[in-house]
J.: 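Here it is: the structure, laid out below.
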Amino acid sequence: MRIYEVQDKKRYLPLLLIGDEQESMIDRYLDECRMYVLDAGGVRGEIAVCELPDGVLEIKNLAVDPSHRRKGLGRALIEYVCERYRDRCAIVQVGTGNSPGTLGFYRKCGFEFSHVVQNFFVDHYDHPIVEDGVTLVDMIYLRKAIGR
């Protein structure tokens with residue numbers, strides 16, 4: 001398994017669309033982010049992160065190929081960026097919907113509730129976003145301390 005940074009981020013659009021299903025939303029943050037891919041006999045996952053001015057590293061997109069989920073690849077990507085940015089950032093945060101599976105995954109990775117942005121998915125997406133049978137409305141932010 002190898003994780004490395006990529007420059008041609010749009011090349012990985014099919015994978016990015018797993019983590020955020022509206023391309024216009026991806027376009028809003030992708031140029032500002034650094035993106036890393038996980039190669040395990042082919043590209044199996046990606047993570048796009050942005051450094052915010054207040055010492056926070058924000059995960060903007062995290063996706064693992066559906067046929068390779070539940071093998072620790074998403075956790076490996078999170079651990080990679082936490083280690084890589086721990087000297088520059090104190091906190092890593094992620095915004096996600098109220099899907100029990102996704103929230104459970106991040107909690108298992110050590111994230112804790114931070115705050116809510118009400119109606120985010122309703123206000124910013126051109127169609128309903130449904131994840132694991134749950135129609136997403138609010139953006140739930142989770143945070144975890146990583147260093148500095």
J.: Where do A63 and L77 come nearest, in terms of heavy atoms and distance?
T.: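 Nearest pair, atom of A63 first, then L77: O-CD1, 4.4 Å.
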J.: Under the criterion side chain to side chain contact (heavy atoms under 4.5 Å, CB included), I'd like the reasoning laid out for I59 against V92: C-alpha separation, chi angles, the key distance, then a yes or no.
T.: CA-CA 7 Å; I59 298 171; V92 62; 3.9 Å; yes
J.: Is a side-chain donor or acceptor of K108 paired with a backbone partner of L103 at a separation under 3.5 angstrom?
T.: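 No, because the side chain of K108 does not come within donor-acceptor range (under 3.5 Å) of the backbone of L103.
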J.: Flag yes if L62 and V43 sit in one hydrophobic cluster, no otherwise; membership is Ile, Leu, Val, Met, Phe, Trp, Tyr, and two members link when side-chain heavy atoms are under 4.5 Å apart.
T.: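 Result: no, two separate clusters.
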J.: If you group Ile, Leu, Val, Met, Phe, Trp and Tyr by side-chain heavy-atom gaps below 4.5 Å, do V64 and V81 land in one group?
T.: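 Yes, it is one cluster - the side chains of V64 and V81 are joined through contacts under 4.5 Å.
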J.: Which pair of heavy atoms, one from A40 and one from R44, lies closest together, and at what distance?
T.: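 Closest heavy-atom pair between A40 and R44: O-NE, 3.2 Å.
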J.: Looking at G55, is its backbone amide N or carbonyl O close enough to the side chain of R88 to form a donor-acceptor pair, meaning the two atoms are under 3.5 Å apart?
T.: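 Side chain of R88 to backbone of G55, a donor-acceptor pair under 3.5 Å: no, none is there.
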J.: Identify the two heavy atoms, one from N98 and one from L136, that lie closest to each other, and give their separation to 0.1 Å.
T.: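 Here N98 and L136 meet closest at N-CD2, 3.6 Å.
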J.: Within the distance-only criterion (no hydrogens, no angle test), does the side chain of N61 pair as donor or acceptor with the backbone N or O of A48 below 3.5 angstrom?
T.: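 Checked: no pair found.
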J.: Taking all atoms of both residues into account, what is the closest heavy-atom pair of L17 and E23, and its distance?
T.: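 Here L17 and E23 meet closest at CD2-N, 3.8 Å.
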J.: Should V130 and F121 be counted in the same cluster of Ile, Leu, Val, Met, Phe, Trp and Tyr side chains packed under 4.5 Å apart?
T.: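 They do not share one cluster, since no chain of ILVMFWY contacts under 4.5 Å joins V130 to F121.
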J.: Just grab all the salt bridge (Lys or Arg N to Asp or Glu O under 4.0 Å) pairs involving residues 123-145, residues at least two apart or on different chains.
T.: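 Non-adjacent pairs meeting salt bridge (Lys or Arg N to Asp or Glu O under 4.0 Å): zero.
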J.: Before you tell me yes or no, could you show the steps for H127 and E21 under side-chain hydrogen bond (donor to acceptor under 3.5 Å, both in side chains), namely the whole-Å CA-CA distance, both residues' side-chain angles and the distance that decides it to 0.1 Å?
T.: CA-CA 10 Å; H127 63 283; E21 66 183 61; 2.7 Å; yes
J.: Taking all heavy atoms of F105 and all of R75, pick out the closest pair and write down the distance.
T.: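 Heavy atoms of F105 and R75 come nearest at CZ-N, 3.8 Å.
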J.: Determine, using the 4.5 Å side-chain heavy-atom cutoff (strictly less than), whether L13 and L38 are members of one ILVMFWY cluster.
T.: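 Result: no, two separate clusters.
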J.: Could you go step by step and tell me if Y36 and Y80 meet the ring-ring contact (aromatic ring centres under 6.0 Å, His included) rule?
T.: CA-CA 9 Å; Y36 303 90; Y80 178 84; 5.5 Å; yes
J.: Okay, side chain of K9, backbone of L30: is any donor-acceptor separation there less than 3.5 Å?
T.: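 Indeed, once roles are kept as given, a pair shorter than 3.5 Å links the two residues.
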J.: Look up atom CD in Q93 and atom OG in S114, then write down how far apart they are to the nearest 0.5 Å.
T.: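 The CD atom of Q93 sits 6.5 Å away from the OG atom of S114.
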J.: Evaluate V37 against Y4 for side chain to side chain contact (heavy atoms under 4.5 Å, CB included), listing each step before the verdict.
T.: CA-CA 6 Å; V37 298; Y4 55 92; 3.4 Å; yes
J.: If every non-hydrogen atom of D27 is compared with every non-hydrogen atom of K10, which pair is closest and at what distance?
T.: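 Shortest heavy-atom separation between D27 and K10 comes out as OD1-NZ, 2.6 Å.
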J.: Would you compute the distance between atom CG of D65 and atom CG of L73 and round it to the nearest 0.5 angstrom?
T.: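 Spacing of CG (D65) from CG (L73) equals 9.5 Å.
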J.: Is the shortest side-chain N to carboxylate O distance from D20 to K60 below 4.0 Å?
T.: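 Answer for the salt bridge query: no.
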J.: One pair to check against side chain to side chain contact (heavy atoms under 4.5 Å, CB included): C50 and L57. What are the steps and the verdict?
T.: CA-CA 6 Å; C50 292; L57 180 70; over 6 Å; no
J.: Where the side chain of D39 meets the backbone of G42, is there a donor-acceptor pair that is under 3.5 Å apart?
T.: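 A pair under 3.5 Å: yes.
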J.: Look at the side-chain heavy atoms of Ile, Leu, Val, Met, Phe, Trp and Tyr, link any pair under 4.5 Å apart, and say whether M1 and I47 land in one connected group.
T.: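 Hydrophobic grouping puts M1 with I47.
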